[in-house]
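Worksheet for the structure shown next.
Scope of the values below: all heavy atoms of this structure, side chains included, with no hydrogens, waters or symmetry mates.
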Number of protein chains: 2
Amino acid sequence: MRKDKPPSTRRERLQERSRQRRESQKQELRQAILDAAGELFLAHGYTGFSLRQVAEHIGYAPGTIYLYFEDKDDLLFHVADEGFRRFSHAQQQAAAERTHDEPLKRIRALAEAYVDFGLENPAYYRLMFIERPDLMFRSHEPQARAWLSALDDYQEAFKTAAGAVLGESSDLLALSDLWWAALHGIVALANSMPFLYDPPRVKRMLNTALIRFFDQPR
Amino acid sequence: MRKDKPPSTRRERLQERSRQRRESQKQELRQAILDAAGELFLAHGYTGFSLRQVAEHIGYAPGTIYLYFEDKDDLLFHVADEGFRRFSHAQQQAAAERTHDEPLKRIRALAEAYVDFGLENPAYYRLMFIERPDLMFRSHEPQARAWLSALDDYQEAFKTAAGAVLGESSDLLALSDLWWAALHGIVALANSMPFLYDPPRVKRMLNTALIRFFDQPR
DNA sequence: TCATTTAATGAACGCTGTTCATAAGTGTAG
DNA sequence: CTACACTTATGAACAGCGTTCATTAAATGA
C-alpha cells in the first residue's frame, strides 16, 4: 500500500515544510499579539487599553495587527475569551472540589468561586460582565456559543441543585436568574467601590444571600 | 435709617445692572452647555459622548467649554447629577405613594421604582452605577456628598423597614447591602442583555427576590 | 476716547482606531 | 539564475478625541 502515499518529490516536501514553517511563524506572531494584549489589558484596564500600545510593545507597526485581527473589538474578544477560560476553570474546579450529591454545598462552592474570581480578577470581570457583556454574543465566533452553552449548563445545574433543596414547586427559572443577578450585583458593587465594600463585608453579603435563599430557619 | 443703604449713584447702579446681566448671560451659556450635554448623552450614550459634539451643537469652539467646566469629567459629573436628581425624585415619589407604616409595601414600592428607573433610563443608570460610579465620590463637589448621604438615608430606611418585617436579630447591614446588590444585579443584567431579560422576566426576578427576602412561608 | 478686563477663538499637541498605497522580503516557475 | 507573483510589514494619512494656549475681538470702566 505504499503507493497510496502522496507522491513526494523532494521539491514537494520542501514546499510543504516551508508552508508549515510560515504558518507556524504566523501563529507565533498572532500569539505574541494576544499575549501582549492580555498583559497590557491587565496592566492598564479597559479604558487604558490601546492597539497602538500593543503594537509598540511587540515592536510592530499599528497596521500589522490588522493582518491578524479584524479590529480592536476582535482582539478584545480574544482577551475576554481568556478571561472566560479562567472563569470556567475556576467554576469547574469548585464544582469538583466537593461531593456532587450535596446540592447546597455545591451551590455554595460555586458561588464562592464566582465571587472570588470577581474579586481576584477585576479587570477580566469588568471586561466580561460589566463593560462589554456584548462580547459574549458575538454570534459568528464559535467560542461565543461555547460561553453561552456553558452559562446554560450552569443555570441548569443550579436549577437541579436548588430544586433539590427547595422543592420543584418554586419558580426555578426566576430563582436562578435572580441568583446570578445577586452574585453579579455583589461583585459589581465590590468592584466599583472597593473602599466601601471590603472583602469581609462582601463575604457577609454572600453568606446572607446563601442563608436567605437556601437556609430553612428564619 | 436710610443712610445705611449703599450710596447708589446712577453710575453705580448701571455698573451693578451690567454686572448682573453679564453674570446671567454666563449662567445661560453654562446651562445651554448642560442641556446640550444631557441631550447628546442620552442620544449617543456614554461611549459616544464627546465634548466637541457638545460644542458644535451649541455653536461654540471646543475650548469654550473649558471656560465653564473643568474638563470632560466635570461636565459628565453634572450630567450624572441630573440623573441622580431624577432617581431620587422617583424614589421619593414611590415612598410617598403608599402608607409609610407598612414596611413591606414600602420596600416593594421602592424596589419597583428602582428597577423601573433602571429600565426606563438605561443611559443614566449606566452612567451613574455601571460605567462611572466613581462620579458619586467626587469629594470636592458638594452634590457628591448629598448623593452619599441620600444613599445612607436610603439604607437606613431600608434597615428599619426590614427590621420591622424580619426582626432586629438579622444582620441588617449585610441584608441591606445585599438588597442593593440584588437590585443592581437585576438592573445591570437587564440593561446589558435586554434581549435575554425582557421586562416580564425582570419582573419575575424582582418578585422572586421580594418573596425570598421577606415572605414568611417557605 | 483710551485702557483694561473678559470671552471666545482656532490652531496646535498628542493620543486614538483604521485604511491603504508602497516597499521589502520570500517562494515558485520557467 | 532570473523573473514573476505572492505574502508581510510598513508608515503616512485621515478623522476623531480631550486639552492647552497665544491671539483676537468685544464689552466695560475711567
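One atom, CG of B:Leu40, and another, P of D:dC17, lie 11 Å apart when rounded to the nearest Å. With rounding to whole Å, B:Leu75 atom CG is found 14 Å from D:dC17 atom P. Note: CZ (A:Phe69) to P (C:dT18) measures 13 Å, nearest angstrom. The distance from atom CZ of A:Arg30 to atom C1' of D:dT8 is 16 Å, rounded to the nearest whole Å. A:Ile65 has its CD1 atom 15 Å from the C1' atom of D:dT8, to the nearest Å. Straight-line distance from the OH atom of B:Tyr60 to the C1' atom of C:dA8: 8 Å, rounded to whole Å. Separating the CG atom of A:Leu67 from the P atom of C:dC20 is a distance of 13 Å, rounded to the nearest angstrom. Atom NE2 of B:His44 is separated from atom C1' of D:dC17 by 15 Å (rounded to the nearest Å).
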Show every donor-acceptor pair shorter than 3.5 Å between a side-chain atom in residues 193-202 of chain B and any protein atom, with sequence neighbours excluded, or say none if there are none.
from	atom 1	to	atom 2	distance (Å)
B:Arg201	NE	A:Asp177	OD2	2.6
B:Arg201	NH1	B:Leu196	O	3.3
B:Arg201	NH2	A:Asp177	OD1	3.0
B:Arg201	NH2	A:Asp177	OD2	3.3

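In summary, the aromatic rings of B:Phe87 and B:Tyr114 are positioned with their centroids under 6.0 Å apart.
Each side-chain hydrogen bond (donor to acceptor under 3.5 Å, both in side chains) pair with one or both residues in residues 51-60 of chain A, not counting sequence neighbours, appears once here: A:His44-A:Gln53.
Across all strands shown, A:Leu29 has heavy atoms under 4.0 Å from sugar-phosphate atoms exclusively, and none from any base. Using a 4.0 Å heavy-atom cutoff across all strands shown, A:Tyr68 reaches sugar-phosphate atoms only and no base atom.
When all heavy atoms of A:Met128 and A:Ala80 are compared, the closest pair comes out as SD-O, 4.0 Å.
Salt-bridge formation is not detected for the pair B:Arg145/B:Asp152: no Lys NZ or Arg NE/NH1/NH2 atom is positioned less than 4.0 Å from an Asp or Glu carboxylate oxygen.
Looking at B:Asp73 and B:Arg132, their side chains come closer than 4.5 Å, going by heavy atoms from C-beta outward.
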Give the B/S/- string for nucleotides 18-26 of chain D, one per nucleotide from 5' to 3', where a protein heavy atom under 4.0 Å of the base yields B, of only the sugar-phosphate yields S, and otherwise -.
BBB------

